[in-house]
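Notes for the one structure printed next.
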2 protein chains.
Amino acid sequence: MSGSEFSSQVDISSLKVACKDCNLYQLCLPLGLENDDLERLDSIIKRRRPVKRHAFLYQSGDIMKSIFAVRSGSFKSYTLTDDGTEQITGFSLPGELIGLDAISSGQHISTAKALEMSHVCEIPFEKLEELSNAIPGLQRQLLRIMSKEIAHDQSAILLSKKSAEERLACFIISLVNRYEARGFSAKEINLTMSRVEIASYLGLAVETVSRVFSRFQQDGLMSVNRRSIEINKIDKVHILAGTKPSTN
Amino acid sequence: MSGSEFSSQVDISSLKVACKDCNLYQLCLPLGLENDDLERLDSIIKRRRPVKRHAFLYQSGDIMKSIFAVRSGSFKSYTLTDDGTEQITGFSLPGELIGLDAISSGQHISTAKALEMSHVCEIPFEKLEELSNAIPGLQRQLLRIMSKEIAHDQSAILLSKKSAEERLACFIISLVNRYEARGFSAKEINLTMSRVEIASYLGLAVETVSRVFSRFQQDGLMSVNRRSIEINKIDKVHILAGTKPSTN
DNA sequence: TTTATGTATTGATTCAGATCAATGATCTAG
DNA sequence: CTAGATCATTGATCTGAATCAATACATAAA
């Protein structure tokens with residue numbers, strides 16, 4: 001009844017979760033850390049306010065002071081062409097780090113925008129650098145995460161050789177794998193991005209994305225209703241994508 | 001006259017260069033290190049034998065024990081499709097690190113093959129990890145290099161939205177920028193990769209690459225003779241590529 | 001409810017680039 | 001030096017996806 005601690009109950013409850021209690025622990029930066037080390041990492045992390053749908057986490061050109069870990073929700077990263085068109089370079093899901101591309105220049109080269117109401121942990125980069133020097137396990141995990149991002153981006157480069165169907169299949173498989181790793185259902189996906197955004201990421205026209213979704217549905221691979229997708233024949237999607245079932 | 005130290009003069013002379021005397025110092029891992037630190041890094045690096053044209057540096061599936069710095073020459077990195085087609089994910093020039101994508105899984109996910117007679121420095125990864133924990137400047141530089149690779153790969157992702165002309169222009173600009181940073185002429189380029197390899201990287205057919213080169217030549221942007229290219233109107237190439245002159 | 005307004009689907013037409021095909025140039029092995 | 005292989009260029013045709021265009025659906029506002 002006193003009110004204040006309930007006034008924004010949801011936010012506070014999620015904001016207060018420490019790394020050790022976070023269900024993303026095994027995916028995120030703290031993986032492998034224990035006790036003291038974990039708490040030291042915890043102590044430099046700022047739990048940020050929720051990020052509203054369509055709000056920026058940072059914009060292209062901003063000085064990079066922090067990187068961010070997605071706690072909940074999702075983000076898109078993009079740059080703009082001369083004529084102002086968004087060119088999406090990636091989507092970020094819970095447990096993933098955003099902003100790693102800015103370390104080298106110290107400035108963000110892309111813009112990160114929330115696709116839905118989201119929460120992030122802000123990790124001041126200077127402190128992270130210091131700390132990962134003091135904690136070998138943290139350095140190790142940071143390098144691994146960056147390496148994983150490199151590997152992921154390289155597999156995205158291969159998209160440009162593929163047909164529209166292959167591209168969309170690859171995209172869906174990537175989402176499924178990532179959601180699975182986070183303990184979400186692999187069968188039902190709720191897309192948080194629009195067709196336009198998917199098209200931009202895959203280098204296709206919106207209409208093509210829409211058509212391919214329809215074709216996938218006709219062929220019984222999945223049921224598609226706007227942004228909710230139920231996958232019926234994941235093995236066939238894997239075949240289309242040209243990925244072995246279980247690649248991450 | 002005693003012989004042995006001259007028996008393979010060229011190799012030895014290049015193999016013996018320490019980091020501090022290497023002309024790639026400012027591009028490579030040692031950047032920012034001095035004296036002791038530099039020598040400690042130097043001490044873990046193995047100068048490898050020259051890598052012959054078409055020889056593998058590592059193959060997909062190999063355990064990742066080391067990463068490599070290109071000292072001279074060039075490499076392509078690729079994966080194979082089910083039907084055995086090479087899918088090139090990148091080219092590596094002197095001063096660049098190869099194998100960073102394997103840190104996360106501990107296994108190489110791509111194959112690296114020399115495009116010409118090349119030299120590399122082999123950097124045992126475990127030792128590098130240890131050492132970069134002891135030397136803050138080294139950790140810093142390693143993170144920067146990985147971040148740069150992420151940024152580079154993300155710009156390559158954008159290729160899939162571009163036309164054939166834009167793709168080839170981007171490719172040429174990228175080469176020019178990288179060669180320039182290494183002190184080579186920006187006007188004359190000697191491609192070390194075939195048209196097939198360029199096509200694979202850009203997601204185009206060989207014939208298209210060839211045709212676009214011809215068109216560039218007709219339009220007076222550059223003189224193209226097989227693998228040697230002389231760029232006449234770099235600003236126009238930049239416009240095509242959609243990059244500001246001087247982006248790196 | 002009706003009216004917007006953004007988002008998604010579907011159809012008709014066009015076009016950039018793939019594919020098929022042939023020739024020429026360069027390189028390598030004998 | 002020649003024969004065969006590899007690599008690059010150019011032309012003709014075909015096709016997958018872009019573009020143009022219209023409609024449907026959904027969410028929000030009036």
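Everything quoted here is computed from the prediction, not taken from an experiment. Residue numbering restarts at 1 for every chain, and letters A, B, ... go by the order of the sequence lines.
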* Asked: For every nucleotide of nucleotides 15-20 of chain C, 5' to 3': is a protein heavy atom under 4.0 Å from its base (B), only from its sugar-phosphate (S), or from neither (-)?
  -> --SSBB
* Under 4.0 Å protein heavy-atom contacts per nucleotide of nucleotides 22-30 of chain C, with B for base, S for backbone only and - for none -> --BBS----
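Across B:Lys76, B:Arg227, B:Lys113, a single residue satisfies salt bridge (Lys or Arg N to Asp or Glu O under 4.0 Å) together with B:Glu197, and that is B:Lys76. Of the candidates A:Arg71, A:Arg178, A:Lys148, A:Glu96 forms a salt bridge (Lys or Arg N to Asp or Glu O under 4.0 Å) with just one, namely A:Arg178.
For residues 57-66 of chain B, the pairs satisfying side chain to side chain donor-acceptor pair (under 3.5 Å) are B:Ser66-B:Glu122, with sequence neighbours left out.
A heavy-atom distance below 4.5 Å is not found between the side chains of A:Ser74 and A:Met193. With a 4.5 Å cut-off on side-chain heavy atoms, B:Cys28 and B:Val70 do not count as touching. Side-chain contact between B:Thr79 and B:Ile109 is absent, with no heavy atoms from C-beta onward closer than 4.5 Å.
Whole-Å rounding puts the A:Lys161 NZ to D:dA17 P distance at 16 Å. For the pair A:Leu202 CG and D:dG16 C1', the computed distance is 16 Å after rounding to whole Å. In this structure, A:Gln217 atom CD and C:dA8 atom P are separated by 15 Å, rounded to whole Å. Whole-Å rounding puts the A:Arg227 CZ to D:dA26 P distance at 13 Å. Between the P atom of C:dA8 and the CG atom of A:Leu168 lies a distance of 13 Å, rounded to the nearest Å. In this entry the distance linking CD of A:Glu197 with C1' of C:dT7 reads 11 Å, nearest Å. Whole-Å rounding puts the B:Glu116 CD to D:dC7 C1' distance at 17 Å. Separating the CD atom of B:Glu166 from the P atom of D:dA18 is a distance of 14 Å, rounded to the nearest angstrom.
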* To do: Report the C-alpha distance between A:Phe75 and A:Val120 in whole Å, list the side-chain angles of each, state the deciding distance to 0.1 Å, and finish with yes or no for side chain to side chain contact (heavy atoms under 4.5 Å, CB included).
  => CA-CA 10 Å; A:Phe75 291 83; A:Val120 294; 3.5 Å; yes
* Could you walk me through whether A:Ser147 and B:Met146 pass the side chain to side chain contact (heavy atoms under 4.5 Å, CB included) test, one step at a time? => CA-CA 7 Å; A:Ser147 168; B:Met146 292 188 74; 3.9 Å; yes
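Side chain of B:Ser194, nearest nucleotide from D:dT10, C:dA8, D:dC7: D:dC7.
The side chain of B:Ser210 contributes no N or O atom lying less than 4.0 Å from OP1 or OP2 of D:dT10. Between B:Arg195 and D:dT6 there is no side-chain polar atom (N or O) within less than 4.0 angstrom of OP1 or OP2.
Checking side-chain atoms of B:Thr89 against main-chain N and O of B:Ser77 turns up a donor-acceptor pair under 3.5 Å.
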